[in-house]
Participant: 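There's a structure below that I have some questions on.
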Amino acid sequence: MTDKRIDEATNTETMGHEWDGIEELNTPLPRWWLYTFYACIAFAVGYAVVYPSVPLLHEGTHGTFGWTSRGEYAAEQKAEAAQRAPMLAALAKTPIEDLPKNPELMRQAVAGGRAAFKVNCVQCHGAGAAGSVGYPNLNDDDWLWGGTLTDIQQTLTHGIRYSGDDQTRTSLMPSFGHDKILTPAQVQDAASYVRSLSGLEPKGAAAQRGAEIFSVNCVACHGPEGKGGRQFGAPNLTDRIWLYGGSREQVVGSITNAHAGVMPAWGLRLDPVTIKMLAAYVHSLGGGEAFAAPAPAAK
Amino acid sequence: MQPVFPRAIHGRFRRLKWGIMAACLVVYYLTPWLRWNRGPYAPDQAVLIDLAHRRFYMFAIEIWPQEFYFVAGLLIMAGIGLFLVTSAVGRAWCGYACPQTVWTDLFQQIDRWFDGDRNAQMRLAKAPWTAGKLARRLAKWSLYLLVSVATGGAWIFYFADAPTLFHQVFTGTAPAIAYSTIAVLAGTTFWLGGFMREQVCVYMCPWPRIQSAMLDEKSLIVTYKDWRGEPRGKAKDLPAGDCVDCGLCAAVCPTGIDIRDGAQIGCITCALCIDACDTVMAKTGRPRGLIDYATLEDSEKERAGAPPTRHAKLIWHARTLIYLGLWSAIGCALLFALGTRNHLAISVAKDRNPPFMLMSDGAIRNAYLVKWRNMEDRPRPMRLTLDGIPGAAMWSEEMGKAQAARQLTRTIPADQTQPLRIYVIAPAGTAQQPLGFTLTAADAQGGTVRYDTRFDAPEGGQ
Ligand code: SF4
Ligand code: SF4
């Protein structure tokens, strides 16, 4: 360190240090740079006054306009709701069976239903609506209670075996084994027959015996051919889809103890328009029945 | 920092500079007003950056967002182009075509209209603030502002239909973003062109640093031939070189430097000092070119007594050729891509949750979101075909399963991407395997694109 001195060539004060004969000049910052810097400070001060910024003990300063990000969010929500209002009004007016006549409204209903599904339904039916054992897969074409838009809307509104709704869909399969209506051997035979209906087992002697048991105990709901019945919510036993599993143990279990899955009556919790949108979405998953859109092949 | 009051000068480089400046301004202001007929489905502005619809129109070319590589390619070409120019003619970009130079030149001309040439400007700058000076200043700044607003105003026309927007701007109905863009660009033009000038080139712009690293002994730069000029002084004080120390070269320099101090970062090679010195040499009856464009290599030769090399010859050296090769290679690749691009596209997203679906009769169904894209400015009929899995069929969300087929046809509106949920169903027992979708344009122009995806099935079939 040497004392400060003035550099002769530039007439500028030096910083007072030197490395290998090179000295650093104490050149002031350019004016424009300083002014930009001061402008930034002024801007920051102004910003702090106008917007909520300074944290105090219990809450922060409010800013001169009372702007808050929450307020902005609320305004955005309001605008969004206003934008959706005509669509929702149209949906409320349109009976669900007329929805396919208006493809644009249908598209919007499906989109709205997709969102409502993610909030209310994925817990049981899964994000892709594929369900799992005991929770119906909504993508397939097997419907216990019917797969038209109206059927789905009905199921959604009143639920299944839901005690709070007296129009709820009800069906009851007896616990054949547990309540000793059938002996364990009879249960085994019935299982053989039921599995043979969908080709999972050969039609052997056990199945023959099972057919007898079936004709006495099961036809009332599942029908003489085992094709099920929607008025009772009785599953079709001849197809490849098993709500509670199609393995031998699973079928035996179902006959022994019976299952009685419950779905809430969403009509008690959601508004009719949301239910309509949900029905449209579920119907759109690929297995919806009685689609009313014009069929090019028929033309 | 001393303000710079460059003196007006006439000469061949000044004329070249006026010419380039006029060309740049004409291109900048007029381009948005050129029309280009694209038929009823697309805007008819020749150059349009349509942010709302995410399209970029440039005469016969239309760029879609997924073709952004064209824009990236153009930017790379612009970068290499800058290198190319630098390797051939040094900092010519800075001296002639850089917007900062063009607008600074314009503003300097305004200064001369209001305040007179260098000496008058300097006197006025020192003079006290009388009413007369204030009036003059305000008048000058108003003209600055007018130029600035026109500069910022022209920019917005690249982003919307120019005549419509022009009308909107003056009736106060243009979108707020248009006004704020004008304000920001007018503000920066006013500030950078009116007051910052050479300080932008010397302190704010990174390019001179990069450029000085790129210059070598083969680069053309403005050079003062000291072996010819020194010792400077009056002709009668012998022994004297050619430089009469009149100071004109420094007086005309827009960045306020003295080129006789040697090559320096402040020099934007605008060549005005060449014009200045050539005038002096003509007056004193000496050969022109005491200050001239030269390469270092050339200067050394000339110092040793050889005649100067012709400039046209100096431009061609290895680096120039390499850049030129690179630049044209990218250009050709882009042109090739442009010529062969297909104006339809398909993309397929397979549903993964659930990956497949078992139907009641054991058939297996997969779902896909297929996007059909028509990149022409008219509606086109298109056909989607299933490739692979014999026995499979597809239907869309708008049809029923009953109409399932191996082929779907629909017309895609002009310039649109249409998503459609497609269900593909295959007989029971079908194994997991590749599946393709082919999109064919069913019009005279034709074209085919294919997307390969997968059909999922339960393990080992069922
Ligand atoms: S030194 Fe000459 S070429 Fe360089 S900026 Fe000044 S006038 Fe232009
Ligand atoms: S203009 Fe030419 S003669 Fe005059 S000072 Fe500059 S170099 Fe010397």
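Just so we're clear, the structure is a prediction, and the values are computed from it rather than from any experiment. Residue numbers start from 1 in every chain, and the chains themselves are labelled A, B, ... in the order their sequence lines are given, proteins ahead of strands.
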Participant: Other residues, nucleotides and ligands only: do more than 12 of their heavy atoms fall within 6.0 Å of CG on B:N353?
Facilitator: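 More than 12 heavy atoms, drawn from other residues, nucleotides or ligands, come within 6.0 Å of this atom.
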
Participant: Answer yes or no: is there a donor N or O on one side and an acceptor on the other, between the side chain of B:R365 and the main chain of A:N139, under 3.5 Å?
Facilitator: yes

Participant: Answer yes or no: does atom OH of B:Y179 have more than 12 heavy-atom neighbours from other residues, nucleotides or ligands under 6.0 Å?
Facilitator: yes

Participant: Looking at B:I177, I'd like to know if its CD1 atom is crowded, meaning that more than 12 non-hydrogen atoms belonging to other residues, nucleotides or ligands lie closer than 6.0 Å.
Facilitator: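 At most 12 heavy atoms, drawn from other residues, nucleotides or ligands, come within 6.0 Å of this atom.
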
Participant: Do other residues, nucleotides or ligands put more than 12 heavy atoms under 6.0 Å from B:F195 CZ?
Facilitator: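 Count over threshold, so yes.
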
Participant: A:D140 and B:L358: which non-hydrogen atoms are nearest, and at how many Å?
Facilitator: CB-O, 3.5 Å

Participant: Does atom CZ (B:R410) have a neighbourhood of more than 12 heavy atoms from anything else shown, all under 6.0 Å?
Facilitator: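 Atom CZ in B:R410 is crowded, with more than 12 foreign heavy atoms closer than 6.0 Å.
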
Participant: Output yes when a side-chain donor or acceptor of A:D141 lies under 3.5 Å from a complementary backbone atom of B:S360, and no otherwise.
Facilitator: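 Side chain of A:D141 to backbone of B:S360: a pair is present.
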
Participant: What part of B:M359 gets within 4.5 angstrom of chain A, counting heavy atoms only: side chain, backbone, both, or neither?
Facilitator: both

Participant: Using a 6.0 Å cut-off, check whether atom NZ of B:K371 has over 12 heavy atoms from anything other than its own residue.
Facilitator: no

Participant: Heavy-atom count around A:Q83 CD within 6.0 Å, excluding the residue itself: above 12?
Facilitator: no

Participant: Pick one of side chain, backbone, both or neither for B:R421, based on which atoms fall under 4.5 Å of a heavy atom in chain A.
Facilitator: side chain

Participant: Nearest heavy-atom pair of A:R240 and B:D361: which atoms, and what distance?
Facilitator: CG-C, 4.0 Å

Participant: So what's closer than 4.5 Å to chain B heavy atoms on A:N236: side chain, backbone, both or neither?
Facilitator: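 For A:N236, neither part sits under 4.5 Å from chain B.
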
Participant: Of all heavy-atom pairs between A:G128 and B:P354, which one has the smallest distance, and what is that distance?
Facilitator: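 A:G128 and B:P354 have their closest heavy atoms at O-CD, 3.3 Å.
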
Participant: Could you check if a side-chain atom of A:W33 sits within less than 4.5 angstrom of a side-chain atom of B:Y203, using non-hydrogen atoms only?
Facilitator: no

